[in-house]
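Structure first, commentary second.
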Amino acid sequence: MKQIPEIRLYNSYTRSRDILKTHEEGKLGLYTCGPTVYHYAHIGNLRSYIMEDILDKFLRYAGYDVKRVANITDVGHLSSDADEGEDKMVKGAKREKKTVLEIAQYYTDAFFSDCDKLNIRRPDVVEPATNCIPEYIEMISTLLEKGYAYKAGGNIYFDTSKLERYYVFNEHEEENLAVGVREGVEEDGNKKNKTDFVLWFTQSKFEDQALKWESPFFDEMGYPGWHIECSCISKKHLGEYLDIHCGGVDNMFPHHTNEIAQSESYLGHEWCTQWFHVAHLNDESGKMSKSKGEFLTVSLLESKGYDPLSYRLFCLGSHYRKSLVFSFEALDNAVQQYEKLIARIAQTEPMSGEEIDGQVFESFRDKFIKALAMDLNTANAVSLLYDVLKAKTNDATKLALVEDFDTVLSLNLTEAAKKLREDNEEKEKNKFAGVPQEIIDMVNERTEAKKAKNFVRADELRDMVKAAGYTIKDTPQGAEVIKD
RNA sequence: GGCGACAUAGCCAAGUGGUAAGGCAAUGGUCUGCAAAACCAUCAUUCCCCGGUUCGAAUCUGGGUGUCGCCUCCA
């Protein structure tokens, strides 16, 4: 078996950078809270998926046999981040006059299309929440049997008072919790404890629930609560022990806290001990949110002429646990960096028969692993690209390293550099396409005159070409001719 | 109000006790008739503030301040 390096990741559970351990040696189960498919993902959502993608790919690079699972939430949501009351999926459907499932399919496709553009690998298993109703019913039944859940007012609630420790991520004192922080959240009188949460609904303040299922709990049709899906989908595909659970920091509480409560009460043992949380992308006004109306999407960036991979590079330049403020100035910065990086790689051309220097290759590879093994330091990993390009070694080694690093960084470095070279060659080949021979002759004569420093003649020829309806443009590859 | 994370140049940032990486921008230069590109050079006596520990602190510690997130139907 491949020697796996020691990897440290910040663990929200212990609040320290722990050495990664897996339940089964060499194998690693990774779970990601997937998107709610009622609208396009904004680039803040996508930041989390980019950083989780780096984690996923690095773990594979380091030698783990990774199985990654994500859910698609296509049922049961609030209408907005501001929680105004309508179900998100229902509201999305109304907005677009489609059925809930059509909406879900549409935005699921849109989500993965965005991921493709950002080089985010698709998880090994992608499970829509509506696929797992029997699993939810089974888990809820067991929780009822074990006394961790109770029926009240047509719903089933999880009884948090049965837990030794509910707030696993924070040291909350119940009396200090602010009530009704979020507008529109009303206290639910059915709850025995303030912190109890719903596992199964038949009665909800959201009346137009489009999707309902039969259950053994009530005669009425119902639908699952908002936390049960991740617990069940994870268990379905990754078993009773989960190695790493990913998500945005905003899901730490209550979502992840509730997942742990459900899963461990159901399983009767510890479930997941490593929690990876990605900080938010903010704009000048704070947290990026879909409820503010217009929001930044990948398509919007593209329509403004940005390569989505520049955004990926922008994200990699920062640390996943730091909140990042998005601005177009910062993105332009990344665009420049990306273009220059590609240009430099394009200039790196091995001579035929050049061999890779194994020692240099291994020493850089080692540094690359060290950077990412220390709590996924992507900024240092990107810096290493520059060290490689500056290194005293041959071009074959440099290119091999760039290609190797890019299996994790996923910036299309080699492909983009190759394309740049081909484009330049193509331009060179076609620079006189469709231009009459007499014009070409004049252009060539001007080039000669320039070489001979006969600028009077050169300018004269340029004017003659201009008079014939063509403009000469000097480029790094030589003179180009454009028909006016 | 409570809990947590973060605070390093114009911007993005690295840094886990030994004297401030890297990138973008900027400035000067080389080279090109000009320009672009490329290349070379310059660019934080100092790391939010005030104490403490230490031979030595951006790094540890105590106290402030600021920014962001969460506070229970935001997956």
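Within every chain, numbering begins at 1; the chains are lettered A, B, ... in the order of the sequence lines, protein sequences first and strands thereafter. Atoms considered below: every heavy atom in the structure, side chains included; atoms not considered: hydrogens, waters and symmetry mates. Note that the structure is a prediction, hence the values are computed from the model and not measured.
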Exercise. Mind checking the C1' distance from B:G23 to B:U19? Whole angstroms is fine.
Worked result: 24 Å

Problem set entry | ring pair (Phe, Tyr, Trp, His ring centres under 6.0 Å) against A:Tyr107, all qualifying residues, sequence neighbours excluded | A:His39, A:Tyr40

Exercise. Is the phosphate of B:A14, meaning OP1 or OP2, less than 4.0 Å from a side-chain N or O of A:Lys322?
Worked result: yes

Exercise. When the distance from CZ of A:Phe169 to P of B:G2 is rounded to whole Å, what number comes out?
Worked result: 23 Å

Problem set entry | Atom pair distance, as rounded to whole Å: NE2 in A:His319 and C1' in B:C68 | 16 Å

Exercise. Given the P atoms of B:A38 and B:C24, what is the spacing between them in whole Å?
Worked result: 9 Å

Exercise. Which nucleotides of nucleotides 19-27 of chain B have their base under 4.0 Å from a protein heavy atom (B), which only their sugar-phosphate (S), and which neither (-), written as one string 5' to 3'?
Worked result: --BSBBS--

Exercise. Who does B:C48 pair with, Watson-Crick or G-U, both distances under 3.5 Å?
Worked result: B:G64

For this session: Return the set of residues passing side chain to side chain donor-acceptor pair (under 3.5 Å) with A:Glu264 (not counting sequence neighbours), or none when no residue passes.
Result: none

Problem set entry | Which residue lies more 5' along RNA chain B, comparing A:Phe201 with A:Gln347 via nearest heavy atoms | A:Gln347

For this session: Side chain of A:Ser323 only, please: which of B:A75, B:C68, B:G33 is the nearest?
Result: B:C68

Exercise. What residues, two or more places apart in sequence or in another chain, satisfy ring pair (Phe, Tyr, Trp, His ring centres under 6.0 Å) together with A:Phe169?
Worked result: A:Trp275, A:His277

For this session: Could you state the atom-to-atom distance from CG of A:Asn45 to C1' of B:A75 in whole Å?
Result: 11 Å

Problem set entry | Contact nearer the 5' end of RNA chain B, comparing A:Arg446 with A:Lys191 | A:Arg446

Exercise. Whole-Å distance between B:A13 P and A:Tyr320 OH?
Worked result: 15 Å

For this session: Please report, rounded to the nearest Å, how far the C1' atom of B:C73 is from the CG atom of A:Asp250.
Result: 15 Å

Problem set entry | Qualifying residue for ring pair (Phe, Tyr, Trp, His ring centres under 6.0 Å) with A:Phe276, from A:Tyr31, A:Tyr320, A:Tyr13 | A:Tyr320

Review item, side-chain donor-acceptor pairs of residues 132-139 of chain A, under 3.5 Å, at least two apart:
from: A:Tyr136; atom 1: OH; to: A:Ala129; atom 2: O; distance (Å): 2.7
from: A:Glu138; atom 1: OE1; to: A:Tyr266; atom 2: OH; distance (Å): 2.8
from: A:Glu138; atom 1: OE2; to: A:Tyr266; atom 2: OH; distance (Å): 3.2

Exercise. Can a side chain N or O of A:Arg321 be found less than 4.0 Å away from OP1 or OP2 on B:C6?
Worked result: yes

For this session: For B:A37 and B:C11, measure between their C1' atoms and round to the nearest Å.
Result: 24 Å

Exercise. What is the nucleic acid contact for A:Arg457, judged by heavy atoms within less than 4.0 Å: base, sugar-phosphate only, or nothing?
Worked result: nothing

Exercise. Does A:Lys191 make a cation-pi contact with A:Phe197, if we ask for NZ or CZ under 6.0 Å from the ring centre and within 45° of the axis?
Worked result: no

For this session: Scan A:Gly248 against the nucleic acid and name what it touches under 4.0 Å (heavy atoms): base, sugar-phosphate only, or nothing.
Result: nothing

Exercise. Which nucleotide in the list B:C12, B:C71, B:A75 gets nearest to the side chain of A:Phe253?
Worked result: B:C71

Exercise. With rounding to whole Å, what would you report as the distance between B:G15 and B:U32 at their C1' atoms?
Worked result: 41 Å

Problem set entry | Reported NE2-to-CD1 distance for the pair A:His255 and A:Ile260, which is rounded to 0.5 angstrom | 10.5 Å

For this session: Name the pairing partner of B:C24, where a pair is Watson-Crick or G-U wobble with both distances under 3.5 Å, or state none.
Result: B:G10

For this session: Decide side chain to side chain donor-acceptor pair (under 3.5 Å) for A:Asp196 and A:Thr160; before the verdict, give the C-alpha distance in whole Å, the side-chain angles of both, and the deciding distance to 0.1 Å.
Result: CA-CA 5 Å; A:Asp196 291 353; A:Thr160 51; 2.7 Å; yes

Can you tabulate the close N/O pairs, meaning under 3.5 Å, that link protein atoms to atoms of nucleotides 61-63 of chain B?
none

Exercise. To the nearest angstrom, how far is A:Ile233 atom CD1 from B:A75 atom P?
Worked result: 14 Å

Exercise. Counting side-chain heavy atoms from CB outward, which of B:C11, B:C73, B:U72 is closest to A:Ala330?
Worked result: B:C11

Exercise. Out of B:A13, B:A75, B:G69, which has the shortest distance to the side chain of A:Asn71?
Worked result: B:A75

Exercise. Run the side chain to side chain donor-acceptor pair (under 3.5 Å) check on A:Ser161 and A:Asp159 step by step: do they pass?
Worked result: CA-CA 5 Å; A:Ser161 68; A:Asp159 187 348; 2.5 Å; yes

For this session: Identify whether NZ of Lys or CZ of Arg in A:Lys192 sits under 6.0 Å from the centre of the six-membered ring of A:Tyr157 and within 45° of that ring's axis.
Result: no

Exercise. Between A:Arg47 (CZ) and B:C12 (P), how many Å, whole number?
Worked result: 13 Å

Exercise. B:C3 P sits how many Å from A:Tyr166 OH, rounded?
Worked result: 18 Å

Exercise. Contact class for A:His256 (heavy atom, under 4.0 Å): base, sugar-phosphate, or nothing?
Worked result: nothing

Exercise. Rounding to the closest angstrom, what is the interatomic distance between B:A7 and B:A14 at atom P?
Worked result: 8 Å

Problem set entry | Who pairs with B:C39 - Watson-Crick or G-U, where each distance is under 3.5 Å | B:G29

For this session: Go through the steps for A:Asp18 and A:Tyr10 under the test side chain to side chain donor-acceptor pair (under 3.5 Å), then give the verdict.
Result: CA-CA 6 Å; A:Asp18 296 344; A:Tyr10 184 85; over 6 Å; no

For this session: Remember a base hit wins even if backbone is also touched, and classify A:Asn377 as base, sugar-phosphate or nothing at under 4.0 Å, heavy atoms.
Result: sugar-phosphate

Problem set entry | Audit row: A:Asn71, A:Thr73, side chain to side chain donor-acceptor pair (under 3.5 Å) steps and yes/no | CA-CA 6 Å; A:Asn71 62 302; A:Thr73 300; 3.0 Å; yes

